[in-house]
Amino acid sequence: MSQQIITRFPPSPTGYLHLGGARTAIFNWLYARHTGGRFVLRIEDTDVARSTKESVDAIFEALEWLGIDWDEGPYFQSERLDIYKAHIDRLIENGHAYYCTCSPDAVDRMREAAKARGDKPRYDGTCREKNLPWTKDAVVRFKSPLAGNTVVEDVIRGDIAFSNTELDDFIIARSDGSPMYNLAVVVDDITMNINTIIRGDDHISNTPKQILLYQALGATVPDFGHVPMVLGPDKSRLSKRHGAMSVTAYREMGFHPDAMVNFLVRLGWSHGDQEFFTRDELIEKFNLEHIGRSAGVFNPEKLLALNAEHIRNASPASLALHLMPFLQAKGISAAEDAYLHGVIETLQPRSKTFVEMADGAGFYFVEKPVYDEKAAAKFLKPDLLVPMKQLTDAVSAMEAFTEKDLEDIFKQVMETSGLGFGKIAQPVRVALTGKTVSPGIFEMMLALGREKVVSRLRDAVAHMAQNSG
RNA sequence: GGCCCCAUCGUCUAGCGGUUUAGGACGCCGGCCUCUCACGCCGGUAACACGGGUUCGAAUCCCGUUGGGGUCACCA
């Protein structure tokens, strides 16, 4: 029986969830879902000074928006201090760790000295063999092996060997007894049965230390997979100066979470030439074998194009949920009904974001469209009064309000007036929307419904008559 | 600086020794479609960082160079 894959996402709540973090969360979540495994959420808040409740909430909010759910947790490291303490004590007892009373200043000095000699700045092992007892200012250090190699068997990069001489006796517990990152992660991953760790490659140099900790604790080393980082357009690490970094900022800009997920996954993972993936397709096809090894540049234009494609392909009903907040932000109170769905359908092919869609939806929800001055001057001129009136009367007299019948009416008007379709459509467009740009005439009329169409046409006719002097 | 990672069009990438005149996508540039704007469709632009090997044959394997990135905390 093969064991179930158990992955995790362990953000530290020191800010919002950024794009890189979101991507590793998605990778882990996807891998768990793909394999029928479990996905654990853990908040790494051992750094009390930098961790905030706001950040925790922001992370939950971002994950929820992305549609990433977890099977276990959230665990908080701050609530697991006793567990770390027990493991630290065990390491001291079995000789894998020791108390060190060297002051921070003293350690700084040895680092400076080592640097001056051209060596790697590191702790020199002063207290390593002293077998010191606990004292108030003592930290606990891990006793790293002095020779040999530790190799990371990375599932996406292959074996990476580190000489143990590169590692110094790193601190695993602060003088106040709280655990340091490497210790806490390893203890958590052991006790939570995590067997697959997918994370950013900025963690790669931590990995040998963690492997040593696993071994010292007598635990099975999990599979590690280090994914490349997400870079800004200038190919440097993504940071604030590159603009929006926070995942939720993209929600505000009108992006569809599925597009965001699709984009982030495709940045570093591939399935042949396929670019567009639904959520289910991703779960079905995602694997570790096709994760790339080189860093990727975040490309907002591609995200935008992908977003437009997701909007085009989604059902109006599912889009309605996402669109609602943007409508409200514009003061539009729309009900979640068939009318809204019809409106959305006409807007789908011409909206790259929900912001654009909400902008385009405005005229559907007003009592009377506001005429754009230039548009009205150009198209609602008296010379079209007759055909427009004919059209209006015909529409109001229609038996069934169908596209076919509307087309017939237009044909009749074209015949009697001798005008081309465009000559008539443009004034109708202005009458219905107030603008010269809109969805197609017939689909729009159908979405608006006969009542609104007739009343707007009548208003336009009145406007034209009034201006005929 | 030590250690580690990486290297195909501007960007995301396919390619896992021969089927490649290196494919797709975004962007950009033409054109078609057309009731506006879009969508869609057709075409074009553009890359294997460099140098050595290995091999009958290399974008694909090895080494080096160069260039980028990461990491060296009582942060995570």
Side-chain angles (χ1 to χ4, degrees), chain A residues 10-14 44-47 49-51 77 100 103-104 107-108 111 114-115 118-123 137-141 152 154 157 160-163 165-168 170-182 184-185 200-208 226 228-229 231 233 235-237 263 266-276 289-290 292-306 308-309 312 346-352 356 360 375 379 410 420-430 433 435-442 444:
Chain A
S12 59
T14 54
E44 311 221 320
D45 57 351
T46 53
D47 184 355
R50 297 200 303 152
S51 300
Q77 289 189 326
C100 166
S103 70
V107 176
D108 280 347
R111 289 210 180 90
K115 240 177 167 171
D119 289 344
K120 182 187 170 74
R122 65 211 310 271
Y123 175 67
D137 294 321
V139 297
V140 179
R141 287 183 183 277
V152 178
D154 194 294
R157 284 165 203 271
I160 305 167
F162 291 85
S163 168
T165 58
E166 282 295 314
L167 280 22
D168 67 353
F170 56 94
I171 295 174
I172 56 176
R174 302 183 181 93
S175 49
D176 66 1
S178 63
M180 287 286 287
Y181 168 73
N182 283 121
V185 186
D201 66 8
D202 50 331
H203 280 292
I204 202 156
S205 52
N206 277 321
T207 312
H226 290 91
M229 317 214 75
L231 270 27
K235 303 210 179 191
S236 73
R237 191 179 190 147
F263 173 78
R266 198 53 244 277
L267 180 56
W269 174 83
S270 63
H271 182 75
D273 285 337
Q274 189 172 347
E275 300 281 350
F276 181 91
E289 291 81 68
H290 289 95
R293 291 157 315 248
S294 53
V297 173
F298 174 76
N299 180 188
E301 285 181 329
K302 187 140 186 175
L303 169 60
L304 189 64
L306 207 46
E309 198 173 348
R312 255 179 271 133
T346 68
L347 264 15
Q348 276 176 279
R350 57 206 102 225
S351 306
K352 289 189 192 304
E356 282 185 23
F379 296 109
F410 269 77
F421 186 83
K423 282 286 179 200
I424 299 168
Q426 225 32 18
V428 170
R429 190 183 312 284
V430 176
T433 71
K435 296 170 294 189
T436 53
V437 172
S438 83
I441 290 293
F442 299 121
M444 193 163 60

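Throughout, a chain's letter reflects where its sequence line sits, starting with A, and its residues are numbered from 1.
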Looking across every strand, which nucleic acid part, if any, lies under 4.0 Å from [X] by heavy atom: base, sugar-phosphate, or nothing?
X	result
H203(A)	base
Q426(A)	sugar-phosphate
F162(A)	sugar-phosphate
I441(A)	base
G272(A)	sugar-phosphate
S294(A)	sugar-phosphate
T14(A)	nothing
G292(A)	nothing
V297(A)	sugar-phosphate
P439(A)	base

Nucleotide nearest [X] (side chain, heavy atoms from C-beta), chosen from [options]:
X	options	value
R237(A)	C26(B), U71(B), G1(B)	U71(B)
K120(A)	C74(B), G2(B), G1(B)	G2(B)
A425(A)	C35(B), A14(B), A25(B)	C35(B)
D202(A)	U13(B), A76(B), G70(B)	G70(B)

Whole angstrom is fine here: how far is it from [atom1] in [X] over to [atom2] in [N]?
X	N	atom1	atom2	result
I171(A)	C75(B)	CD1	P	8 Å
Q348(A)	C39(B)	CD	P	14 Å
I160(A)	C6(B)	CD1	C1'	11 Å
K302(A)	U11(B)	NZ	P	12 Å
N299(A)	C12(B)	CG	P	8 Å
L306(A)	U13(B)	CG	P	13 Å

* Asked: For R111(A), does the CZ atom sit with more than 12 other heavy atoms under 6.0 Å from it, leaving out its own atoms?
  -> yes
Examine the base of [N] for any acceptor or donor lying under 3.5 Å from a partner atom in the side chain of [X], and report the outcome as yes or no.
X	N	answer
N206(A)	A76(B)	yes
R312(A)	C39(B)	no
R293(A)	C6(B)	no
E301(A)	G27(B)	no
S205(A)	C4(B)	no
D201(A)	G70(B)	no
R350(A)	C39(B)	no

Residue-phosphate contact under 4.0 Å: [X] side-chain N/O, [N] OP1/OP2:
X	N	value
S270(A)	A14(B)	yes
K235(A)	U11(B)	yes
R111(A)	C74(B)	yes
R174(A)	C75(B)	yes
R50(A)	A73(B)	no

* According to the interplanar angle, ranging from 0 to 90°, do the rings of F421(A) and F442(A) count as parallel (below 30°), tilted (30 to 60°) or perpendicular (above 60°)? -> tilted
* To do: Sticking with atom C1', work out how far G15(B) lies from G52(B), rounded to a whole angstrom.
  => 24 Å
